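One structure below.
Heavy-atom basis, side chains included; hydrogens, waters and symmetry copies ignored. Note that the coordinates shown come from a computational prediction; the quantities given were computed from them, not determined experimentally.
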Amino acid sequence: MGTPSAHPGTVRHHDHGIHLACFAGRILVVCPRCGGRALVVPQPGLAPPEHLAELLCTPRRLACPGCGAVADHQPERRGAGVVGARPGGTEDPFFRRPLWLQTRCAGRILWAYDEEHVDALAAYAGAHHRVRHASPTLSMFARLPAWMKSAQNRPEVLAGLATLRTLAALSAPADRSDAAHPRGDRSRHTGSLGFYRSR
């Protein structure tokens with residue numbers, strides 16, 4: 001579950017097929033109680049996932065340091081299998097809360113799960129040469145919308161990512177972006193059925 005080799009501002013970006021699920025271990029969301037910044041992470045005491053897909057089947061906890069709200073999420077089970085969450089869109093894939101890191105950009109909504117995700121997107125957006133080393137089927141970068149890949153939008157996208165990086169350090173309800181609201185823009189609620197070790 002590594003991160004891309006490039007850093008923001010570099011000339012060349014190498015896409016080794018990193019999947020969006022790699023960034024699902026830590027997701028900043030809008031708290032359902034106070035509207036401040038809450039955090040969605042795997043529930044405490046669980047063994048680290050052995051496979052990337054298993055990360056999407058891990059029980060989750062939402063916790064808000066501001067108001068103390070806590071909620072737990074258990075993945076749906078079908079017989080001996082577990083239905084994995086489907087990442088993507090402006091809601092977290094577990095509790096379906098609006099992402100905290102959202103901003104208006106180039107007439108669209110730019111979003112990210114956490115600071116590491118922002119840095120990965122900035123490395124890609126800021127590169128003038130992009131080299132793909134993996135199939136576009138799994139690659140997060142290959143699946144980015146055309147407006148984010150456009151050289152014409154590069155300055156605005158990088159500015160938007162800088163805004164998200166600033167938002168990541170803020171947590172009060174008053175700091176919430178005006179873009180961080182429910183949209184229901186995810187095509188499916190669940191992902192594929194998997195069979196993993198008992199938890």
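- Summarising the geometry, atom CG belonging to L121 is positioned 6.0 Å from atom CG belonging to L144; distances are rounded to the nearest 0.5 Å.
- Here the side chain of R37 pairs no donor or acceptor atom with the backbone of A172 at under 3.5 angstrom.
- Remark: side-chain polar atoms of D175 are not paired, donor with acceptor, to backbone N or O of L170 under 3.5 angstrom.
- Here the shortest heavy-atom pairing between C31 and C67 reads SG-SG, 3.6 Å.
- Look at E76 and R78 and you find a salt bridge, because one of the NZ, NE, NH1 or NH2 atoms lies within 4.0 Å of a carboxylate O, short of that distance.
- At a threshold of 4.5 Å between non-hydrogen side-chain atoms, the residues P173 and V30 do not count as touching.
- One finds a salt bridge joining D72 and R61 here, because a Lys/Arg side-chain nitrogen approaches an Asp/Glu carboxylate oxygen to under 4.0 Å.
- Remark: R176 engages H181 in a side chain to side chain donor-acceptor pair (under 3.5 Å) (not counting sequence neighbours).
- Linking ILVMFWY residues whenever their side-chain heavy atoms come closer than 4.5 Å, directly or via other members, leaves V118 and I109 in distinct clusters.
- Under the 4.5 Å side-chain criterion, counting only non-hydrogen atoms from C-beta, P42 is in contact with R60.
- Of the inter-residue distances, the one linking R77 atom CZ with C57 atom SG reads 9.0 Å to the nearest 0.5 angstrom.
- Distance check: D92 CG to L62 CG gives 7.0 Å after rounding to the nearest 0.5 Å.
- Atom CE of M148 sits about 6.0 Å away from atom CG of L161, to the nearest 0.5 Å.
- Proximity of the aromatic rings of F141 and Y124 is defined here by a centroid distance below 6.0 angstrom, and this criterion is met.
- Using a 4.5 Å heavy-atom cutoff, the side chains of P87 and H19 are in contact.
- Nearest heavy-atom pair, A168 versus L101, reported as atom, atom and distance to 0.1 Å: N-CD2, 3.5 Å.
- For the pair P59/L46, a side-chain contact is recorded, criterion being any heavy-atom separation below 4.5 Å from C-beta on.
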Candidate pair M140 and H117, rule side chain to side chain contact (heavy atoms under 4.5 Å, CB included), full reasoning: CA-CA 11 Å; M140 173 184 74; H117 191 190; 3.5 Å; yes

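- Judged as a salt bridge (charged side-chain N to carboxylate O under 4.0 Å, His left out), the pairs with a partner in residues 100-114 (not counting sequence neighbours) are, in order, R26-D114, R104-D178.
- The minimum heavy-atom distance between S139 and A142, with the atom names listed, is OG-N, 3.2 Å.
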Residue pair V29, L39: steps toward the side chain to side chain contact (heavy atoms under 4.5 Å, CB included) verdict: CA-CA 6 Å; V29 301; L39 184 63; over 6 Å; no

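- Contact of the W100 side chain with the S177 side chain is not registered, since no non-hydrogen atoms from C-beta on lie closer than 4.5 Å.
- Between the side chain of N153 and the backbone N or O of V157 there is no donor-acceptor pair closer than 3.5 Å.
- Contact record, A127 with R12: CB-C, 4.1 Å, taken as the closest heavy-atom pair.
- Judged as a ring-ring contact (aromatic ring centres under 6.0 Å, His included), the pairs with a partner in residues 58-80 (not counting sequence neighbours) are, in order, H73-F94, H73-F95.
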Side chain to side chain contact (heavy atoms under 4.5 Å, CB included) assessment of L99 paired with I27: CA-CA 8 Å; L99 299 178; I27 305 176; 3.6 Å; yes

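- One finds the CD atom of E115 at 8.0 Å from the CG atom of D119 (value rounded to the nearest 0.5 Å).
- With hydrogens and angles ignored, the 3.5 Å screen pairs no side-chain donor or acceptor of Q102 with any backbone N or O of W111.
- Closest approach of W147 and A106 over heavy atoms only: CE3-CB, 3.9 Å.
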